[in-house]
Amino acid sequence: MSQDDNNMEEYPTEIHDYLTAFEKSLGSVDEMLKTMMSVSRSELLQKLDPLEQAKLDLVLVYTLNSMFWVYLATQGINPKEHPVKQELERIRTYMNKVKEIADKKKASKLDKGAASRFVKNALWEPNAENEHTSKTAKGKKRQ
């Protein structure tokens with residue numbers, strides 16, 4: 001009997017796919033953490049603008065709190081009743097604020113001069129010739 005066969009007997013087979021996916025996800029998190037830890041924080045922050053620095057800090061804090069959430073769940077503690085829930089909500093609020101700032105930064109700026117020229121040229125302005133024909137047309141309609 002192999003090692004995997006022994007492990008299969010310890011938990012229901014219905015959750016095998018979930019546990020496999022969870023193990024794969026943990027491996028991905030481990031690789032990302034190793035990548036993040038290989039570069040010093042100050043070195044990383046020097047390469048980023050302030051908005052990107054804020055995004056990085058928020059992602060790191062959110063990840064740490066999410067991992068703590070999972071840890072609490074594995075210990076049989078309901079994380080929904082723990083202060084970590086309020087902390088995650090607070091972080092999400094700041095993430096939304098940073099997203100709004102980034103969206104405003106990406107939004108196109110209005111060139112007032114170009115807009116006024118566009119509107120002025122798009123509107124019909126009667127000239128002397130058109131004015132004369134429109135007056136005679138009005139006069140004929142009234143008769």
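Just the heavy atoms: all of them, side chains too, but no hydrogens, waters or symmetry mates, feed the values below.
Asn65 approaches Leu88 most closely through the heavy-atom pair CB-CD2, 3.5 Å. Of all the heavy atoms in Ile91 and Leu58, the pair that sits closest is CG2-O, 4.0 Å. The nearest pair of heavy atoms linking Lys85 to Pro79 is CB-O, 3.8 Å.
Of the inter-residue distances, the one linking Leu44 atom CG with Gln53 atom CD reads 8.5 Å to the nearest 0.5 angstrom. Atoms CG and OG, on Asp30 and Ser25 in that order, are 12.5 Å from each other to the nearest 0.5 Å.
If you chain together hydrophobic residues whose side chains sit under 4.5 Å apart, Met67 and Val84 never meet in one group. A single hydrophobic cluster is not seen to contain both Leu56 and Met95; linkage of ILVMFWY side chains at heavy-atom distances under 4.5 Å, directly or through other members, places them apart. Hydrophobic clustering (side-chain heavy atoms under 4.5 Å, transitive across Ile, Leu, Val, Met, Phe, Trp, Tyr) groups Ile101 together with Val61. In the hydrophobic clustering of this structure, Leu51 does not group with Leu48; members are Ile, Leu, Val, Met, Phe, Trp, Tyr whose side-chain heavy atoms approach within less than 4.5 Å, directly or through other members. Hydrophobic clustering, with ILVMFWY side chains joined whenever heavy atoms are under 4.5 angstrom apart, groups Trp69 together with Val59.
Dense packing is recorded around CD of Glu89, with more than 12 heavy atoms of other residues, nucleotides or ligands lying under 6.0 Å away.
Of the residues listed (Lys106, Lys99, Lys105), the one engaging Asp103 in a side-chain hydrogen bond (donor to acceptor under 3.5 Å, both in side chains) is Lys99, and it is the only one.
Legend: ring pair (Phe, Tyr, Trp, His ring centres under 6.0 Å) pairs involving residues 37-57, not counting sequence neighbours: none detected. Screening residues 81-106 for ring pair (Phe, Tyr, Trp, His ring centres under 6.0 Å) gives Phe68-His82 as the qualifying pairs, with residues at least two apart or on separate chains.
A salt bridge is absent between Lys97 and Glu100: the closest approach of a Lys/Arg side-chain nitrogen to an acidic carboxylate oxygen does not fall below 4.0 angstrom. Look at Glu31 and Lys34 and you find no salt bridge, because none of the NZ, NE, NH1 or NH2 atoms lies under 4.0 Å from a carboxylate O.
You'll find the side chain of Thr63 stays beyond 4.5 Å of the side chain of Met32, heavy atoms only. A 4.5 Å side-chain heavy-atom check between Arg90 and Gln86 finds every atom pair outside the cut-off. Two residues are said to be in side-chain contact when any heavy atoms from C-beta on lie closer than 4.5 Å; Arg41 and Asp57 meet this criterion.
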